[in-house]
2 protein chains.
Amino acid sequence: MTKQTSSITIRDIAREAEVSVATVSRYLNQNAFVSPDLSDRIQEVMDQLDYIPQATARQLAMRKKNTIGLLVPNMHNNFFAALLAGIEGEVSKHNYNLLVATCRMNQKSGYQFPLGSHNTDGMLVFADSLSDKQIAQLHERQLPLVLIHKSPSGNIKIPTVTIENKAATKKLITHLIEEHHRKHILLVRGSEYQEDSYWREVGFKEALFSHNIPFDENLVIRGSFEREVAYKSMKAFLEDPTHPKFDAIFTGDDDAAVGIYDALKEHGIRIPEDVSVVGFDDSQIAPFLTPPLTTVIAPTEEVGRSAAEQLFCLLNGSDPALVTLHTTEIVLRSSCGCSMNNTIT
Amino acid sequence: MTKQTSSITIRDIAREAEVSVATVSRYLNQNAFVSPDLSDRIQEVMDQLDYIPQATARQLAMRKKNTIGLLVPNMHNNFFAALLAGIEGEVSKHNYNLLVATCRMNQKSGYQFPLGSHNTDGMLVFADSLSDKQIAQLHERQLPLVLIHKSPSGNIKIPTVTIENKAATKKLITHLIEEHHRKHILLVRGSEYQEDSYWREVGFKEALFSHNIPFDENLVIRGSFEREVAYKSMKAFLEDPTHPKFDAIFTGDDDAAVGIYDALKEHGIRIPEDVSVVGFDDSQIAPFLTPPLTTVIAPTEEVGRSAAEQLFCLLNGSDPALVTLHTTEIVLRSSCGCSMNNTIT
DNA sequence: CTGAAAGCGCTTACAG
DNA sequence: CTGAAAGCGCTTACAG
């Protein structure tokens with residue numbers, strides 16, 4: 001292991017500039033007045049020696065890491081590019097560092113946190129990267145935390161930022177019912193324990209109920225928000241000769257929609273003539289599907305930005321919003337039966 | 001600013017376990033034998049007090065940050081999700097931390113590096129995030145560096161990992177010429193100073209030359225690898241009544257292809273009947289375009305993984321590969337005129 | 001306004 | 001095998 005090659009330190013600067021290290025420190029941090037002539041001498045020596053203060057030493061002395069951490073379940077999702085963009089912007093605005101890590105759910109020998117109070121001042125925790133228990137643990141240790149796309153369990157007070165799932169889904173399904181006269185809408189249910197899918201389901205049901213359409217358990221596919229899984233479940237559903245009739249599908253998210261499209265096409269079912277299909281997310285591929293997918297726009301970058309913002313509130317001692325709900329909007333394309341490209345908020 | 005709430009330290013553990021801090025440290029790092037009874041006592045106290053060593057103190061004492069940095073020009077590109085996934089996997093395998101930052105080219109008042117020898121042991125630098133001069137500076141200061149999708153200027157020896165652009169493009173264009181009998185191929189030129197686009201252009205020309213097709217400067221569009229820009233340049237080209245005839249387009253990358261598709265469609269030009277179109281990257285949308293885009297698969301995650309790998313070589317004192325070139329492969333879809341979905345390596 | 005000194009929480013020769 | 005002590009490179013009361 002190569003250790004860092006001996007770099008020049010604040011002591012070198014002090015010696016060369018003929019001042020004390022305390023003065024150099026004050027000049028560096030601009031937190032106390034330093035006379036102009038000393039300042040000049042210090043600056044000159046610093047330029048000459050190309051001095052950059054060691055972050056670790058400074059962090060240790062100040063007991064502040066100037067770093068926040070982002071924990072995600074994995075990075076294999078384009079979703080995270082947008083999320084990161086939002087977070088990174090906010091972090092750099094505050095002159096903080098950003099540590100990112102995935103959390104491989106490690107069952108054996110106790111989980112080793114890659115991120116925590118030992119290397120960050122606070123953390124952004126994305127849904128499904130930590131168990132409720134682990135979150136509670138970090139919280140107990142006073143580590144500033146904000147949750148993304150997930151709310152805290154019990155009545156722990158941890159700020160959370162997420163998107164409006166229920167209202168958007170309700171609007172989407174209502175659109176299917178009122179504009180396209182669909183009544184037998186298939187629900188592709190996402191992971192049981194995923195909050196987004198939970199609220200989407202609630203919105204789905206509410207739309208049905210407010211139109212006096214009974215919720216039919218047989219019109220539910222226990223797939224998941226993964227393309228392949230959705231494809232297979234949909235196929236199994238179609239191949240079951242006893243399957244109930246349906247005239248529309250809410251796929252839960254756009255990625256699942258791709259699988260659903262494939263299964264439908266294989267069975268010669270036309271979209272939207274035979275069945276309307278709608279998704280959620282407005283992922284990059286949504287407008288390019290055939291037909292273009294009607295879906296819900298989730299402001300992912302904004303979610304990242306505001307999550308970081310709440311964390312900085314916590315770090316600065318100001319009051320964060322306990323829950324930040326980003327509004328979503330529907331984008332009407334043609335998979336629902338519409339002919340235009342439109343947006344309803 | 002809230003400072004870290006006084007956490008428990010190695011001294012607390014030592015006191016409670018009735019050993020010296022040196023012994024606790026040795027037990028923690030497992031780098032010296034500690035007798036079983038002391039070990040037990042220490043472990044017990046640590047569990048009880050929920051002790052986690054402060055990373056900064058440890059880093060300062062060891063003069064090693066256990067952290068690498070990734071610098072990218074921006075995060076607004078799905079490309080980075082895959083890149084990050086590869087990097088993160090390797091980093092966590094080595095039990096390192098990963099700091100990510102974007103480099104906003106800041107002209108005024110001298111650039112402030114968000115990442116450098118002050119907070120990392122080494123850096124991964126993505127193309128277009130730092131100038132050659134800045135890279136040289138970091139390198140002079142002995143900071144271990146590896147470049148991604150970019151080679152070092154001059155004859156500085158910095159490992160670089162990138163993809164095979166030239167050969168893949170040559171193969172792609174050759175396919176257009178030999179299989180689809182295209183002779184008038186339009187080249188959408190990417191940014192002048194971007195290495196990827198440079199080599200793609202070279203490959204493009206080589207394919208032409210080896211088939212005795214002269215390179216025609218009039219069959220070049222000075223667009224860029226951005227959807228909107230490509231769209232506008234293509235449109236301008238088509239609206240110029242003097243534009244030369246063409247029967248194929250190499251769009252430079254998939255994102256640009258989307259813009260090209262749009263412009264072509266507006267002018268009633270059919271793909272691939274009237275013109276073949278090919279891209280580069282195999283982005284997520286490529287298979288969903290109408291018609292599906294023939295393009296080149298770039299192993300982005302693999303690039304990230306191996307870049308991190310080279311950096312760890314540097315950090316461990318073993319010899320890194322000075323240049324790692326990842327092979328790319330062509331995926332034939334129907335935009336070129338093929339009817340099947342095939343791959344040639 | 002400036003300096004000497006203690007301290008941040010660890011690691012690691014140096015003795016024993 | 002274990003401990004006392006110095007040191008990592010900074011910051012910040014405390015004096016003056």
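Every chain is numbered from 1, with letters handed out A, B, ... down the list of sequences.
Here the P atom of nucleotide dC10(D) and the CZ atom of Arg58(B) are 20 Å apart, to the nearest Å. Per the geometry, CD1 belonging to Ile8(B) stands 16 Å off C1' belonging to dC8(C), to the nearest Å. For the pair Lys65(A) NZ and dC10(C) C1', the computed distance is 13 Å after rounding to whole Å. Straight-line distance from the CE atom of Met62(A) to the C1' atom of dT12(D): 11 Å, rounded to whole Å. In this structure, Arg41(B) places its CZ atom 13 Å from C1' of dG3(D), rounding to the nearest Å. Rounded to an integer number of Å, the gap from Gln54(B) CD to dC8(D) C1' is 16 Å. In this structure, Gln59(A) places its CD atom 14 Å from P of dC10(C), rounding to the nearest Å. What separates CZ of Arg11(B) from C1' of dC8(C) is a distance of 10 Å, to the nearest Å.
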Passes salt bridge (Lys or Arg N to Asp or Glu O under 4.0 Å), Asp132(A) versus Lys150(A)? Steps please. CA-CA 10 Å; Asp132(A) 281 334; Lys150(A) 159 161 190 45; 2.9 Å; yes
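Residues passing the side chain to side chain donor-acceptor pair (under 3.5 Å) test with Glu44(B), sequence neighbours excluded: none. Scored by the side chain to side chain donor-acceptor pair (under 3.5 Å) test, Arg11(A) finds no partners at all (sequence neighbours excluded). In terms of the side chain to side chain contact (heavy atoms under 4.5 Å, CB included) criterion, residue partners of Arg305(B) (sequence neighbours excluded) are, by chain and number, Glu90(B), Glu302(B), Glu309(B).
The stretch residues 17-38 of chain A touches DNA chain C through Val19(A), Ser20(A), Ala22(A), Thr23(A), Arg26(A), Phe33(A), Val34(A), Ser35(A), Leu38(A), each having a heavy atom within less than 4.0 Å of the strand.
Taking the six-membered ring where tryptophan is involved, the planes of His94(A) and Phe312(A) are essentially parallel, since the angle between them stays under 30° and well short of 60°.
Considering only heavy atoms from C-beta on, Val72(B) comes within 4.5 Å of Met75(B) through its side chain.
Aromatic rings of His149(B) and Phe79(B) (six-membered ring for Trp) have centroids within the 6.0 Å cut-off, being under it. Between Phe80(B) and Phe80(A), the gap from one ring centroid to the other reaches at least 6.0 Å.
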List, one per line, each side-chain donor-acceptor pair under 3.5 Å for residues 30-37 of chain B, sequence neighbours excluded.
residue	atom	partner	partner atom	Å
Ser35(B)	OG	Asp37(B)	OD1	2.9

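In the set dC10(D), dC10(C), dC8(C), dC10(C) carries the atom at the smallest distance from any side-chain atom of Tyr51(B).
A gap of 16 Å separates the C1' atoms of dT12(D) and dG16(D), to the nearest Å. Between the P atoms of dC14(C) and dC10(C), the separation comes to 24 Å (whole Å). Between the P atoms of dC1(C) and dA5(C), the separation comes to 23 Å (whole Å).
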Toss me the dot-bracket line for DNA chain C: Watson-Crick and G-U wobble, both under 3.5 Å, 5' to 3', using | for pairs to another strand and [ ] for crossers. |||.||||||||.|||
